[in-house]
Amino acid sequence: MRIARHTLFNLLGLGAPLLLALLLIPSLLQALGPERFGLLTLIWAVTSYFGLFDLGLGRALTQQLAVSLSQGDAQRSGALSATALVLMAGLGLIGGLLLVGLAPAGVAAFPSLTDAKAARIALQLMGFGLPFMVITAGLRGMLEACHAFGLINLVRLPLGAWTFAGPWLVVKLWGPDLALITLALVLGRVLACGVHAWAVSRALPQLRGHLQWQRRWVRPLLVSGGWLTLSNVISPLMGYADRFFVGIGISAAAAAYYATPQELVTKLWILPGALTAVLLPAFAAQLARSDDHSWRLFDRAVGLLFLVLLPITLGLALFANELLSLWLGAEFAGHSAALLQLFAFGILINCLAHVPLTWLHGAGQFRGPALLHALELPVFLLGLWALTRAWGMQGAAWAWLLRMSVDAAALFLLCGRQRGGAAWPMRQWLAGTLLVLPAFAAAALPSLGGRLLVWLLLTALATTMAWRQRHFNP
């Protein structure tokens, strides 16, 4: 039951701040206005993207350190960790300098901005905080490798809350100043880095005296991290490109109408994220021992994620207009309800794809997913440009949904090539597909009662099936 317990820790650490977000986002939107709030969502996006300047070393460190710790080699583990952290500190500094230098050009791409100076200062402030964010990713990877998920989430919970509480406090105390909001966020990241370092010293005392740079670890880390970097640079670029196409091609206000429902559904990434953070070191250790139980764990992870996510995503799709009207008002819902329906369906598909991606990374197979993302990028950008130009925000959302579907199918196929004689649970997956498609199509029903009946039936079925699989052991 260790995987279930650690997943629950992650859900609490990732999910609790989102409850705060639901309460504070309407206030932030009202205080900042559509344009400034749209810029805030873009700043969050830019920070997430440039935060990947660890060149994939954080995830590579987790995978390799999990194997090393399972073998009880403290000297190897210490050298591996120290070398990775030094590399990540240097890469974070480079990324921060790039963000500071590119900020003026980035702001100039939005000619309709009324306060370009504040937006530029905000981006530059994020650049100063970037090295701390990258180092934090490495420290968190070390904690994940030793399954210290309790400590991770003691730190993660207040940091996640500050992402929303910090801007809200700044608005209440000093007004809608985007630069001050960004400064508050950066200071939170700096503090989090220090606390993560303390947590590592508590969770891995056996590494004391062994933390030393060793050049021999640079190449294996960079090879693994290099392929991860290709994925980590391209995948978020595809994930956030639609927002920038909408913001540049239509308006910053349109970016708010588009990004807000997308932010809402992508917060569901906490569910696969909470699980796969635990699965990665588990897969790595099992595969290092040639343990066939990894496929059993794989199948149960996919099945449980589907059963948990189906009622949530279906509810968002069926009641998109009602939920957005209650949360942000009827006018906002008029712009965003149809987008939320598409995003809800796409996020269900995408969340399931986290499991095959994690299995491939746990097996040390970083090349396949990276090449897949490299092939997807030009096709997606071309399709996104054409669909956004033809149908505006709706076109961008359809491009996003199509990419999520193709990406998920390809990742499952890559795992299928590695599965050998282990059978796929095809009947269960086919049944799930036959349930999902008509259920989401019910969003077109004009009757609220009809949609509610569909949701209750599917939720009851998913809950029953999940209860029968509740014992989630590796």
Side-chain angles (χ1 to χ4, degrees), residues 14-15 18 21-22 25-26 29 34 37-38 40-42 44-45 48-49 235-247 249-250 253-273 305-306 308-329 332-354 376 380-381 383-384 387-388 391-409 436-437 439-445 451 454-455 458:
L14 291 167
L18 299 186
L22 289 173
I25 281 180
L29 177 60
F37 185 76
L40 180 59
T41 65
L42 293 178
W44 283 332
S48 298
Y49 184 71
S235 184
L237 176 60
M238 291 190 289
Y240 292 118
D242 51 345
R243 299 188 188 187
F244 289 94
F245 271 66
V246 170
I250 305 174
Y257 292 129
Y258 184 91
T260 301
Q262 192 181 61
E263 277 291 319
L264 178 63
V265 300
T266 54
K267 294 306 179 190
L268 291 175
W269 279 333
I270 68 169
L271 292 169
L305 268 180
F306 172 76
V308 170
L309 284 161
L310 178 59
I312 302 171
T313 54
L314 182 60
L316 290 172
L318 293 179
F319 311 115
N321 188 69
E322 290 81 3
L323 291 170
L324 287 173
S325 296
L326 183 64
W327 186 33
L328 298 172
F332 202 99
H335 290 283
S336 301
L339 301 174
L340 178 56
Q341 292 170 341
L342 292 173
F343 291 147
F345 183 58
I347 207 66
L348 173 62
I349 298 169
N350 178 254
C351 284
L352 299 181
H354 283 61
E376 287 177 4
F380 171 65
L381 291 179
L384 176 61
L387 291 173
T388 304
W391 292 292
M393 292 189 294
Q394 283 279 344
W398 273 106
W400 182 88
L401 173 59
L402 289 171
R403 184 186 73 83
M404 291 297 181
S405 303
V406 170
D407 186 71
V436 165
L437 294 178
F440 275 87
L445 292 174
R451 285 178 278 139
V454 171
W455 183 78
L458 266 292

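Keep in mind that what you see is a predicted model, and the values were worked out from it rather than measured.
- In this structure, I347 CD1 and L340 CG are separated by 11.0 Å, a value rounded to the nearest 0.5 Å.
- Here Y258 contributes atom OH and Q394 contributes atom CD; the two are 9.5 Å apart, rounded to the nearest 0.5 Å.
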Open item on the list: Between Q262 and D242, is the side chain to side chain contact (heavy atoms under 4.5 Å, CB included) condition met? List the steps.
Closed with: CA-CA 10 Å; Q262 192 181 61; D242 51 345; 2.7 Å; yes

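- Of all heavy-atom pairs spanning A399 and L384, the tightest one is CB-CA, 3.8 Å.
- Put simply, the side chain of T260 never gets that close to the backbone of Y257: no donor and acceptor are under 3.5 Å apart.
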- [ ] Check the pair F306, V436 against side chain to side chain contact (heavy atoms under 4.5 Å, CB included), reporting the backbone distance first and the verdict last.
- [x] CA-CA 10 Å; F306 172 76; V436 165; 3.4 Å; yes

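- Not a single side-chain hydrogen bond (donor to acceptor under 3.5 Å, both in side chains) links N321 to another residue, sequence neighbours left out.
- Separation of atoms CD (Q341) and CG (L314) is listed at 11.0 Å; rounding is to 0.5 Å.
- Of all heavy-atom pairs between P261 and L339, the closest is CG-CB, 4.4 Å.
- The heavy-atom pair separating A320 from A337 by the smallest distance is CB-O, 3.5 Å.
- Of all the heavy atoms in A442 and L318, the pair that sits closest is C-CD2, 3.6 Å.
- In this structure M404 satisfies the side chain to side chain contact (heavy atoms under 4.5 Å, CB included) test together with W269, N350, W400, sequence neighbours excluded.
- Distance check, rounded to the nearest 0.5 Å: CZ of F245 to OG1 of T388 gives 6.5 Å.
- The side-chain heavy atoms of F440 and T313, taken from C-beta on, include a pair separated by under 4.5 Å.
- Heavy-atom minimum distance, A333 versus S325: CB-OG, 3.3 Å.
- Distance alone, capped at 3.5 Å, places no donor-acceptor pair between the R451 side chain and the F319 backbone.
- Listed here is the closest heavy atom pair of A397 and F343: CB-CE2, 3.9 Å.
- Contacts of L309 classified as side chain to side chain contact (heavy atoms under 4.5 Å, CB included), with partners at least two apart in sequence or in another chain: L268, L271, L305, L348, C351.
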